Protein chains: 2
Amino acid sequence: MVATTPRNTRQRRAVAAILDDLDGFASAQEIHDILRHRGESVGLSTVYRNLQALVDASEIDALRNDDGEVLYRQCSTGHHHHLVCRACGRTIEVAGPTVERWADGVADKHGFVDVAHTLEIFGTCGACAASAD
Amino acid sequence: MVATTPRNTRQRRAVAAILDDLDGFASAQEIHDILRHRGESVGLSTVYRNLQALVDASEIDALRNDDGEVLYRQCSTGHHHHLVCRACGRTIEVAGPTVERWADGVADKHGFVDVAHTLEIFGTCGACAASAD
DNA sequence: GCCCCTGATGACAATGGTTCCCATGGTTGT
DNA sequence: ACAACCATGGGAACCATTGTCATCAGGGGC
Ligand SMILES: [Zn+2]
Ligand SMILES: [Zn+2]
Ligand SMILES: [Zn+2]
Ligand SMILES: [Zn+2]
């Protein structure tokens with residue numbers, strides 16, 4: 001169970017570069033398309049693998065939209081939640097210390113262990129709302 | 001745009017009965033299996049359709065687990081969230097007025113409109129934790 | 001109760017995101 | 001440069017969910 005260092009491949013660098021450039025959340029397929037259009041084509045399987053590896057290493061965040069697609073984003077470190085635009089993916093990280101304590105307290109009160117929570121706020125950002133008139 | 005009353009079919013009654021009996025969240029496929037074992041077999045498509053109709057009518061709640069499956073449950077009315085056991089589905093409804101205000105405030109402050117939020121707490125209930133020793 | 005219209009059903013196909021498989025290629029330590 | 005051996009990618013497989021459409025049955029009108 002020794003932690004193996006992942007290899008520094010062109011594909012791994014390309015995926016990381018996209019995540020670095022992108023501002024908001026994006027799906028694996030969107031990232032795959034962006035790579036294709038940049039001429040740095042990477043196999044879809046490889047995109048998925050590298051994204052999963054980054055999630056496992058806690059280097060990026062993942063969440064599911066209403067359609068069940070998984071979206072990825074390079075976030076700041078530490079526990080936080082997101083305010084996400086459904087149209088363009090623009091994201092604002094939010095911290096809610098009160099919510100954290102409340103969630104843990106609720107679970108504890110009812111004898112639940114190994115507790116985690118999901119909390120995301122979805123909406124339409126000002127720019128997308130303006131362009132939708 | 002007149003609201004049409006759904007027909008009172010055996011299948012619709014059977015699905016509703018299961019939801020009435022079940023305590024926690026369950027997937028469409030689980031409900032389909034339960035119906036089969038009860039001898040009240042209902043087509044899988046029909047299970048999905050009726051569940052979707054009940055969700056649209058706000059008569060049941062739906063949420064996604066970590067695996068991306070949609071789970072359904074007959075809940076009390078009004079806006080609330082859930083503390084759900086990952087192993088057995090046992091569910092406790094929780095209300096967090098503070099969280100509601102906080103989420104709306106965050107979205108408003110950043111100019112987001114058409115806002116909704118998801119908040120679920122997942123864990124292992126006492127019973128399941130005890131039987132896993 | 002009987003008919004008829006129309007919505008509901010169900011077996012199967014199709015969809016779509018994601019994962020699996022495995023032969024090939026590229027990376028890294030020596 | 002060499003030789004492991006991990007990573008890649010193209011396609012198949014997976015699996016929850018949705019679509020299709022011929023057939024069925026609820027229930028309003030009689
Ligand atoms: Zn936007
Ligand atoms: Zn949190
Ligand atoms: Zn449990
Ligand atoms: Zn809420």
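Quick caveat, the model's predicted, so the values are computed rather than measured. Quick note on labels: first sequence line is chain A, next is B, and so on, each numbered from 1.
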Identify whether any heavy atom of [X] sits under 4.0 Å from a base atom; if not, whether one sits that close to sugar-phosphate; answer base, sugar-phosphate or nothing.
X: A:Arg49; answer: base
X: A:Thr9; answer: sugar-phosphate
X: B:Asn50; answer: sugar-phosphate
X: A:Asn8; answer: sugar-phosphate

Any non-hydrogen side-chain atom of A:Val94 less than 4.5 Å from a side-chain atom of A:Ile92?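 SC-SC contact between A:Val94 and A:Ile92 confirmed.
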
Integer-rounded Å distance: [N] [atom2] and [X] [atom1]:
X: A:Arg36; N: D:dG9; atom1: CZ; atom2: P; result: 12 Å
X: B:Asp67; N: D:dT17; atom1: CG; atom2: C1'; result: 15 Å
X: B:Leu44; N: D:dA16; atom1: CG; atom2: C1'; result: 9 Å
X: A:Tyr48; N: D:dA13; atom1: OH; atom2: C1'; result: 14 Å
X: B:Arg7; N: D:dT23; atom1: CZ; atom2: C1'; result: 13 Å

Residues in side-chain hydrogen bond (donor to acceptor under 3.5 Å, both in side chains) contact with B:Arg73, at least two apart in sequence or another chain: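 For B:Arg73 the side-chain hydrogen bond (donor to acceptor under 3.5 Å, both in side chains) partners, ignoring immediate neighbours, are B:Glu93.
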
My understanding is that only residues two or more places apart in sequence, or in another chain, count here; which of them pass side-chain hydrogen bond (donor to acceptor under 3.5 Å, both in side chains) with B:Glu30? none

Any side-chain donor near an acceptor of the partner, A:Asp33 and A:Gln29, under 3.5 Å: no

Tell me whether the centres of the aromatic rings in B:His117 and A:His82 are closer together than 6.0 Å.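 For B:His117 and A:His82, the ring centres are not under 6.0 Å apart.
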
Taking N and O atoms by type only, does the side chain of B:Arg12 place a donor or acceptor under 3.5 Å from a partner on the base of D:dG26?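 Answer is no: no donor-acceptor pair is held.
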
Quick check for you: name the first and last nucleotides of DNA chain C, 5' to 3', having an atom under 4.0 Å from a heavy atom of chain A.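 Taking any atom under 4.0 Å from a heavy atom of chain A, the span is C:dG17 to C:dT28.
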
Nearest 0.5 Å please: distance from the OH atom of A:Tyr72 over to the CD1 atom of A:Ile31. 8.0 Å

Using the closest heavy atom to pick a nucleotide of DNA chain C for each, name whichever of A:Val70 or B:Ser41 lands nearer the 5' end.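 Nearer the 5' end of the strand: B:Ser41.
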
